[in-house]
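This is a predicted model, so every value here is computed, not measured. In listed order, ligands and their atoms are each counted from 1.
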Amino acid sequence: RFWRLHKFQRQHMDPEHLTTNNTQYCNLMMKARNMTKGICKPVNTFIHEPKEIVDAVCQEANITCKNGQPNCHQSSLPLNLTHCRQTGASKYPNCQYRASYLTKQIIVACEGKVYVPVHFDAYV
Ligand code: 139
């Protein structure tokens with residue numbers, strides 16, 4: 001469904017920025033991408049790679065997702081990521097995050113007639 005593609009793009013895609021020393025990245029981006037409304041989303045990973053690279057992960061072999069569904073796929077190559085994790089002291093509505101800059105293979109769930117990522121399952 002159309003809105004699911006948009007949700008993945010909004011929550012996980014950031015090809016423009018590749019910062020490795022900006023401690024404010026997660027605080028700014030979690031808010032800018034609407035993940036601090038109603039609750040602070042506890043964990044979220046941003047992918048700093050072109051859309052074509054991330055969409056192509058859906059063409060890798062199927063693997064089992066954390067929820068047991070078979071529609072997950074693992075990137076063959078490590079990708080540039082920023083992983084955001086809510087800090088212990090963070091209290092809604094003042095959501096605070098710690099950023100980790102990683103280069104890891106990603107696992108995403110894919111769906112649709114145009115088979116593209118809709119959920120970020122894990123990095124390995
Ligand atoms: P979510 O609402 O989980 O999925 P995020 O990925 O942003 O949104 N869907 C599937 N969902 C799970 N497993 C499958 N096999 C699925 N196949 C289709 C978005 C949509 O994807 C559909 C769902 O039905 C739904 O409509 O784990 C909790 C959140 O934390 C994030 C990812 C997830 O949210 N997270 C977790 C990270 O970003 N990084 C991590 O390292 C771990």
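Residue pairs that meet the ring pair (Phe, Tyr, Trp, His ring centres under 6.0 Å) test with at least one member in residues 75-95, sequence neighbours left out, are His83-Tyr123.
The shortest distance between side-chain heavy atoms of Lys104 and Val124 does not fall below 4.5 Å. For the pair Asp14 and Arg33, the minimum side-chain heavy-atom distance is below 4.5 Å.
Residue Cys65 approaches ligand 1 through these ligand atoms, each under 4.0 Å from one of its heavy atoms: 15 (N). Each of the following atoms of ligand 1 lies closer than 4.0 Å to a heavy atom of Ala109: 14 (C), 15 (N), 16 (C), 17 (N). The Asn44 neighbourhood of ligand 1 comprises atoms 37 (C), 38 (O), with distances under 4.0 Å to a heavy atom of that residue. Every atom of ligand 1 is numbered from 1 in the order shown, and the set under 4.0 Å from a heavy atom of His83 is 39 (N), 40 (C), 41 (O). Per-residue contacts place His12 under 4.0 angstrom from the following atoms of ligand 1 (heavy atoms of the residue considered): 5 (P), 6 (O), 7 (O), 38 (O).
In terms of the side chain to side chain contact (heavy atoms under 4.5 Å, CB included) criterion, residue partners of His119 (sequence neighbours excluded) are, by chain and number, Ala109, Asp121.
In terms of polar-atom proximity, defined here as any N/O pair under 3.5 Å, Gln11 does make such a contact with ligand 1. Between Phe120 and ligand 1, an N or O atom pair is found at a separation short of 3.5 Å. In terms of polar-atom proximity, Thr45 is counted as a contact of ligand 1, with an N or O under 3.5 Å from an N or O of the ligand.
The shortest heavy-atom contact between Asn80 and Glu49 is N-OE2, 2.8 Å.
Residue contacts with ligand 1 for Lys7 involve side-chain atoms from C-beta outward but no N, CA, C or O (heavy atoms, distance under 4.0 Å). Only the side chain of Gln69 comes within 4.0 Å of ligand 1, counting heavy atoms alone; its backbone N, CA, C and O stay farther away.
No single ILVMFWY cluster, assembled from side-chain heavy atoms under 4.5 Å apart, contains both Ile39 and Tyr97.
Less than 2.5 Å separates the SG atom of Cys26 from that of Cys84.
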